[in-house]
Amino acid sequence: MADYCVWNLCNSNCIMCTNPQGFRNREDAKDYSADKVLKRILSEKDKLVKSGVDINLTGGEPTIHPEFIYLLENLRKEFPNNTIAFASNGRRLAYGKFTRKLLKINNLRLHVVVHSAESKIHNGITRVPDSYEQTVKGLENLFKYKNDTHMVELRTVLLQQNYKKIDELYEMLYKKFPSADRVSTIFPEYEGRAETNFEQVKITFLEVRPHIEDSLEKWGKKFRNFYLYHFPLCVINSDFWEHVIRSLPPDHHETFFMDKCEDCFYKDSCLGVYKDYVRHFGKDHFKPIEKKIAGIEKNREDYHRPIIKN
Ligand code: SF4
């Protein structure tokens, strides 16, 4: 996957946004005109075409780029075989005309973030009144107008505000959008505004574990794919490791292995622990798995899905 930032502005104001302070400067938006972004991406055309990797458009909120459809149409022409992916708060999808036009472009993967099944909690996280209603309407449009070349991932980031009610969120998503290709639950990274608002949003693996395990038990097999991102293996019962995705590429620098990880049988299948997590909470929440667990196999074929359950 190759990441390209296509827009720095956003129509939400999430308390756990990982973008740095000052990123949403209106003056800087001029650096993201569609033609400038296209030029940047096209300068790597040969590499992208040859590798066939997904082209991941980041922001800000990409869908509020004033030339977003033009940008996508041109990328589609230049890269007919690469999937184009982007994360969105889904609010602009509430406008049916926009969504219909967007979904005329094939082979897109949309990651739409929903924070809660309760409007009050969701809107408290985005800090925008009515954003929940817009996101849900946006998802309804998305599932109404999408075709088989479009993939939809529904995401949520665990925070103090929502983790105890995560079960209700999965229930709502299953009732309303059972055909989602993936449902993903993300442990937060404490960067940007999430670091500034750390006291407001902070949670530990110990706190979320019982809620996540109960939900995995109930919903894990119901959705087509149910993923956990940014979780080391030892913070979740091995019964659920098949859902744990190694969410960063092998050459990333955000996580590391502690000295005690050397005693862990599953170290070579684990993401490691986030440096910022250890900086805030220490190393006590992690415990090496000293021997092989019956029925839990390492998957050598797929780096991102490191565990298979027999
Ligand atoms: S002890 Fe270390 S290597 Fe083992 S699962 Fe935990 S974080 Fe991963």
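Counting starts at 1 for both ligands and their atoms, following the listed order.
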Please report, to 0.1 Å, the donor-acceptor pairs under 3.5 Å made by any side chain of residues 285-292, with sequence neighbours excluded.
from : atom 1 : to   : atom 2 : distance (Å)
H285 : ND1    : Y277 : OH     : 2.7
K292 : NZ     : I296 : O      : 3.3
K292 : NZ     : E297 : OE2    : 3.2

Exercise. At distances under 2.8 Å, what protein N, O or S atoms surround atom 2 (Fe) of ligand 1?
Worked result: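 Short answer, with waters excluded from the count: C261 SG.
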Exercise. Taking atom NE2 of H304 and atom CE of M1, what is their separation to the nearest 0.5 Å?
Worked result: 8.0 Å
For this session: Applying ring-ring contact (aromatic ring centres under 6.0 Å, His included), name anything that partners H211, two or more places apart in sequence or on another chain.
Result: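 For H211 the ring-ring contact (aromatic ring centres under 6.0 Å, His included) partners, ignoring immediate neighbours, are Y163.
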Problem set entry | By side-chain hydrogen bond (donor to acceptor under 3.5 Å, both in side chains) - contacts of E301 (at least two apart) |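 Checked E301 against side-chain hydrogen bond (donor to acceptor under 3.5 Å, both in side chains); zero matches.
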Problem set entry | Polar side chain donor-acceptor pair, E61 to S88, under 3.5 angstrom | yes
Problem set entry | Per-atom contacts of ligand 1 with K287, taking only distances under 4.0 Å to non-hydrogen atoms |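 Going through ligand 1 atom by atom, the ones under 4.0 Å from K287 are 1 (S).
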Exercise. Is there a donor-acceptor pair closer than 3.5 Å between any side-chain N or O of Q200 and the backbone N or O of A194?
Worked result: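 Looks like no, no N/O pair under 3.5 Å.
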